[in-house]
Protein chains: 2
Amino acid sequence: MPETSAMPGDDLDLGTVLRALADAHRRAVMIELAADRTDGERTCHSFNLPVSKQTRTHHFRTLCDAGLLCEVDYGNKKGVRLRRAAIDRRFPGLLDLLAAESSRSTRFGQED
Amino acid sequence: MPETSAMPGDDLDLGTVLRALADAHRRAVMIELAADRTDGERTCHSFNLPVSKQTRTHHFRTLCDAGLLCEVDYGNKKGVRLRRAAIDRRFPGLLDLLAAESSRSTRFGQED
DNA sequence: TCATAGGTACGACTTGAATCGTACCTCGGC
DNA sequence: GCCGAGGTACGATTCAAGTCGTACCTATGA
């Protein structure tokens with residue numbers, strides 16, 4: 001259509017993103033990344049998810065497919081990084097919601 | 001804990017809300033309600049969902065259980081209303097995201 | 001060169017959730 | 001009083017999604 005110059009985040013689909021965030025493990029990853037303003041690169045292993053390696057791979061795959069993370073393959077390691085700018089542009093406030101959950105769970109000691 | 005005076009929206013849980021919004025039919029209802037600033041009361045039937053009556057009941061039940069809607073039982077009809085104030089207080093920006101999707105889908109002719 | 005650890009694909013199993021038919025309830029309109 | 005329509009509970013079926021074991025790949029460190 002008339003809008004031909006794609007902007008970062010245009011690839012993000014609300015339904016896909018919400019389905020990705022509906023899972024507690026993936027949401028925990030996004031909450032942690034949203035709360036960390038340094039936006040550094042991290043490995044899947046560094047998130048300490050209480051699931052098997054294969055399940056962890058599945059969840060990071062889902063987050064990447066939803067366009068929430070970008071990834072770099074190092075062979076025996078994968079660097080993942082939050083696509084903060086793209087997400088903020090497409091869904092303003094979404095990462096703030098997630099980040100707020102981080103301080104909220106440290107206050108109440110839980111995240112569903 | 002120390003915070004004993006509950007505020008509107010305190011009952012809203014992010015995980016439950018995101019799971020409710022992960023479904024396309026429920027999301028369509030919420031997008032329509034978020035975009036309508038009059039916040040009037042509506043019946044389940046008025047949303048014209050392309051599913052059976054029983055499935056429709058299921059979806060509205062899920063939205064209500066997630067705390068996104070409040071409802072009034074009229075016997076042969078149910079009035080539902082968006083809990084805008086509670087949602088805005090607990091998840092600032094969430095309803096704006098949904099409302100933006102309404103104008104976006106009229107521009108691009110689709111919502112996944 | 002070998003061991004280790006991060007990561008992945010595939011397939012199978014389990015669980016969660018969406019679907020709707022059947023049967024019923026309730027209220028408003030006629 | 002009857003009819004029609006909105007709505008619901010229950011149970012069964014189907015489909016989506018989460019889980020992980022097996023077997024493998026790859027890079028790094030010793």
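Below, all heavy atoms of this structure are taken into account, side chains as well, without hydrogens, waters or symmetry copies. Letters A, B, ... mirror the listed sequences (proteins, then strands); counts begin at 1.
- Between A:Asp10 and A:Arg89 a salt bridge is recorded (basic side-chain N to carboxylate O distance below 4.0 Å).
- Across A:Ala20 and A:Leu68, no two heavy atoms sit closer than the pair CB-CD1, 4.2 Å.
- In this structure, the CZ atom of B:Arg42 is 12 Å from the P atom of D:dG7, given to the nearest Å.
- The cluster map of Ile, Leu, Val, Met, Phe, Trp and Tyr, joined by side-chain heavy atoms under 4.5 Å apart, puts B:Tyr74 and B:Phe47 in different clusters.
- Residues of residues 67-80 of chain B that place a heavy atom closer than 4.0 Å to DNA chain C, in numerical order, are B:Tyr74, B:Gly75, B:Asn76.
- Not one side-chain nitrogen or oxygen of B:His58 sits closer than 4.0 Å to the OP1 or OP2 atom of D:dG7.
- To the nearest angstrom, P of D:dT19 lies 13 Å from CZ of A:Phe60.
- Following rounding to the nearest Å, B:Glu41 (CD) and D:dG6 (C1') show an atom-to-atom distance of 14 Å.
- Backbone-only contact: A:Thr43 has heavy atoms under 4.0 Å from sugar-phosphate atoms and none from a base.
- Residue pairs meeting the salt bridge (Lys or Arg N to Asp or Glu O under 4.0 Å) criterion with at least one partner in residues 42-53 of chain B, sequence neighbours excluded, are B:Glu32-B:Arg42.
- Taking every heavy atom of both residues into account, A:Leu12 and A:Ala86 meet most closely at CD1-O, 3.8 Å.
- A salt bridge is defined here as a Lys NZ or Arg NE, NH1 or NH2 lying under 4.0 Å from an Asp or Glu carboxylate O, and A:Arg84 with A:Asp36 fails to meet this definition.
- Close to D:dA9, at under 4.0 Å from its OP1 or OP2, lies a side-chain N or O of B:Arg61.
- The interatomic distance linking B:His25 (NE2) with D:dA16 (P) rounds to 12 Å, in whole Å.
- Using a cut-off of 4.0 Å between Lys/Arg side-chain N and Asp/Glu carboxylate O, A:Glu101 and B:Arg90 are scored as salt-bridged.
- Distances shown here put a side-chain N or O of B:Arg26 below 4.0 Å from the OP1 or OP2 atom of C:dA18.
- When each of D:dC20, C:dT19, C:dG7 is scored by its nearest atom to the side-chain atoms of B:Thr55, the top-ranked nucleotide is C:dT19.
- Looking at B:Asp88 and B:Arg83, no side-chain N of the basic residue comes within less than 4.0 Å of a carboxylate O on the acidic one, giving no salt bridge.
- In this structure, B:His59 places its NE2 atom 14 Å from C1' of C:dG16, rounding to the nearest Å.
- Listed by residue number, the members of residues 44-54 of chain A with any heavy atom below 4.0 angstrom from DNA chain C are A:Cys44, A:His45, A:Lys53, A:Gln54.
- When all heavy atoms of B:Leu33 and B:Leu82 are compared, the closest pair comes out as O-CD2, 3.8 Å.
- Taking side-chain N and O atoms only, A:Arg56 has a distance below 4.0 Å to OP1 or OP2 of C:dG7.
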